[in-house]
There are 2 protein chains.
Amino acid sequence: MQDQLKLDNFICFAVYTASHALNRVYKPLLDALGLTYPQYLAMVALWEQDGQTVGGLGEKLFLESSTLTPLLKRLESAGYIRRERSSEDERVVVIRLSDEGKRLKEKAIGVPGCIVEASGRDAADLTRLQAEIVALREALNKSVA
Amino acid sequence: MQDQLKLDNFICFAVYTASHALNRVYKPLLDALGLTYPQYLAMVALWEQDGQTVGGLGEKLFLESSTLTPLLKRLESAGYIRRERSSEDERVVVIRLSDEGKRLKEKAIGVPGCIVEASGRDAADLTRLQAEIVALREALNKSVA
DNA sequence: CGAACTTATATCGCGCGATAAATAATCGCA
DNA sequence: TGCGATTATTTATCGCGCGATATAAGTTCG
């Protein structure tokens with residue numbers, strides 16, 4: 001049968017369930033760090049570049065301030081970051097890693113390797129697939145904007 | 001730099017953001033149907049095969065019954081499905097489409113096409129990518145189990 | 001100068017999704 | 001018969017994600 005409305009033919013279903021599957025692999029690793037999945041991504045973004053603004057982070061992570069602000073507050077109360085208003089522009093809030101937040105990077109350094117291993121693929125193959133998925137995301141984002 | 005902890009190198013980040021991007025494309029289409037994204041997937045599974053059990057649906061959708069039960073209750077109170085205990089095995093709850101639920105399929109028939117269009121790819125290309133993502137999901141699920 | 005506009009973030013409200021743990025009902029088998 | 005296994009529900013908790021709106025700070029321009 002060539003039913004258009006067949007679950008297994010849905011790219012959205014593939015992405016949705018792959019996201020869940022990733023989440024389940026990450027869960028125990030991130031529990032050990034005291035982070036949720038989106039929090040982890042925010043921390044990765046900050047490890048990559050400290051001192052980003054809320055807006056800048058949101059742009060990178062594709063999240064609104066209404067999602068990010070409470071998430072960042074949780075990271076702050078966990079002691080991993082500080083939120084400081086910029087002195088040049090008082091509208092802007094700059095996010096800085098605390099010492100503990102910086103130390104957490106060392107504990108997190110092994111996580112990506114675990115994922116690669118769980119995927120059963122080599123890094124190059126994953127990189128290729130990742131690029132394809134990013135291309136899909138970009139096309140979809142363009143169509144909405 | 002070849003930093004392992006770089007956001008753009010994360011397959012998880014690609015999947016996570018692609019999932020959001022898909023959600024944003026779907027949102028207006030599903031709003032018109034009165035469905036959320038996971039509810040839509042459950043309905044697709046039921047259009048594909050009516051009369052599935054909660055457990056069976058959960059297996060297909062990779063969701064626990066504790067996630068599915070409230071979701072299905074919402075679909076029931078929306079009038080799209082009925083939940084009936086099986087007479088053969090009274091532990092089992094069978095989900096059946098209501099007439100309205102069946103009619104909804106006609107309204108939903110155009111949705112996948114919109115997504116293909118938004119992706120800017122042809123169907124064959126999407127199918128190939130979809131298969132790759134499914135393969136990733138299967139590998140990840142295997143590693144957890 | 002100051003009114004009007006823009007930008008950056010925060011707040012509020014909402015619903016949902018996801019999980020864990022406890023409970024209940026039923027089934028099937030030794 | 002009785003007990004472990006199965007199936008689903010319940011309860012409680014937590015966080016995510018968004019839209020709408022508010023607040024406050026900066027900017028522009030008459």
Side-chain angles (χ1 to χ4, degrees), chain A residues 13 16-17 19-28 30-31 33-43 52-78 81-95 141 144, chain B residues 12-13 16-28 30-31 34-43 52-78 81-95 144:
Chain A
F13 181 61
Y16 173 77
T17 52
S19 185
H20 283 179
L22 278 165
N23 225 321
R24 285 184 197 116
V25 175
Y26 269 107
K27 185 89 170 46
L30 296 186
D31 280 352
L33 303 178
L35 294 174
T36 67
Y37 193 69
Q39 286 169 10
Y40 169 69
L41 294 176
M43 290 300 290
Q52 296 187 70
T53 67
V54 172
L57 272 175
E59 210 164 321
K60 259 193 193 166
L61 300 170
F62 301 91
L63 294 175
E64 303 297 316
S65 78
S66 48
T67 301
L68 219 35
T69 295
L71 186 153
L72 293 170
K73 283 188 173 180
R74 284 187 282 273
L75 286 177
E76 186 179 41
S77 62
I81 63 166
R82 287 189 310 275
R83 297 159 58 246
E84 305 165 354
R85 287 215 172 258
S86 160
S87 50
E88 298 105 52
D89 184 340
E90 296 253 334
R91 293 171 305 178
V92 171
V93 170
V94 176
I95 309 298
N141 278 340
V144 173
Chain B
C12 73
F13 181 61
Y16 171 79
T17 53
S19 184
H20 283 179
L22 277 165
N23 224 322
R24 286 180 199 121
V25 176
Y26 269 106
K27 186 84 171 44
L30 297 185
D31 280 352
L35 295 174
T36 67
Y37 193 69
Q39 286 169 10
Y40 169 69
L41 294 174
M43 289 301 289
Q52 297 187 70
T53 66
V54 173
L57 271 176
E59 210 165 321
K60 260 193 193 165
L61 300 170
F62 301 92
L63 294 175
E64 302 298 316
S65 74
S66 48
T67 301
L68 223 33
T69 295
L71 185 154
L72 293 170
K73 283 189 171 180
R74 285 187 282 272
L75 286 178
E76 186 178 41
S77 61
I81 63 166
R82 287 189 309 275
R83 298 159 58 246
E84 304 164 356
R85 287 216 172 258
S86 161
S87 49
E88 299 105 54
D89 185 341
E90 296 252 334
R91 293 170 302 179
V92 171
V93 169
V94 176
I95 310 299
V144 173

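Quick note on labels: first sequence line is chain A, next is B, and so on, each numbered from 1. Predicted, not measured: the structure shown is a model, and the values here were computed from it.
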(request) Assign a letter to each nucleotide of nucleotides 18-30 of chain C from its 5' end: B, base within under 4.0 Å of a protein heavy atom; S, sugar-phosphate only; -, no contact. (result) BBB-----BS---
(message) Looking at Thr36(B), I'd like to know whether one of its side-chain N or O atoms comes within less than 4.0 Å of OP1 or OP2 on dG17(C).
(response) yes
(request) Apply side chain to side chain donor-acceptor pair (under 3.5 Å) to Arg74(A) and list each qualifying residue two or more places apart in sequence or on a separate chain. (result) none
(message) Holding to side chain to side chain donor-acceptor pair (under 3.5 Å), I want the full list of residues that pass it with Lys27(B), two or more places apart in sequence or in another chain.
(response) Asp31(B)
Would you mind reading off the distance between [X] atom [atom1] and [N] atom [atom2], rounded to a whole angstrom?
X        : N       : atom1 : atom2 : answer
Ile81(A) : dT9(C)  : CD1   : P     : 13 Å
Asp31(B) : dC18(D) : CG    : P     : 13 Å
Arg85(A) : dA8(C)  : CZ    : C1'   : 8 Å
Gln52(B) : dT7(D)  : CD    : P     : 15 Å
Leu72(A) : dG15(D) : CG    : C1'   : 14 Å
Glu84(A) : dT9(C)  : CD    : C1'   : 16 Å
Glu76(A) : dA10(C) : CD    : C1'   : 13 Å
Leu41(A) : dG17(D) : CG    : C1'   : 14 Å

(message) Checking Glu59(A) now: which residues fulfil side-chain contact (heavy atoms from CB on, under 4.5 Å) with it, not counting sequence neighbours?
(response) none
(request) Output all residues satisfying side-chain contact (heavy atoms from CB on, under 4.5 Å) with Glu84(B), sequence neighbours left out; order by chain, then residue number. (result) Arg82(B), Arg96(B)
(message) As an exercise, state the distance from CG of Asn23(A) to CG of Leu30(A), rounded to the nearest 0.5 Å.
(response) 8.0 Å
(request) State the CD-CD1 distance between Gln52(B) and Ile81(B), to the nearest 0.5 angstrom. (result) 11.5 Å
(message) Tell me whether the side-chain N or O atoms of Ser65(A) pair up with the base of dA8(C) as donor and acceptor below 3.5 Å, since no angle test is needed here.
(response) no
(message) Of the listed nucleotides (dG15(D), dA10(C), dT9(D)), which one gets closest to any side-chain atom of Gln39(A)?
(response) dG15(D)
(message) Taking ring pair (Phe, Tyr, Trp, His ring centres under 6.0 Å) as the definition, give me every residue that meets it alongside Tyr16(A), ordered by chain and number, with sequence neighbours left out.
(response) His20(A), Tyr37(B)
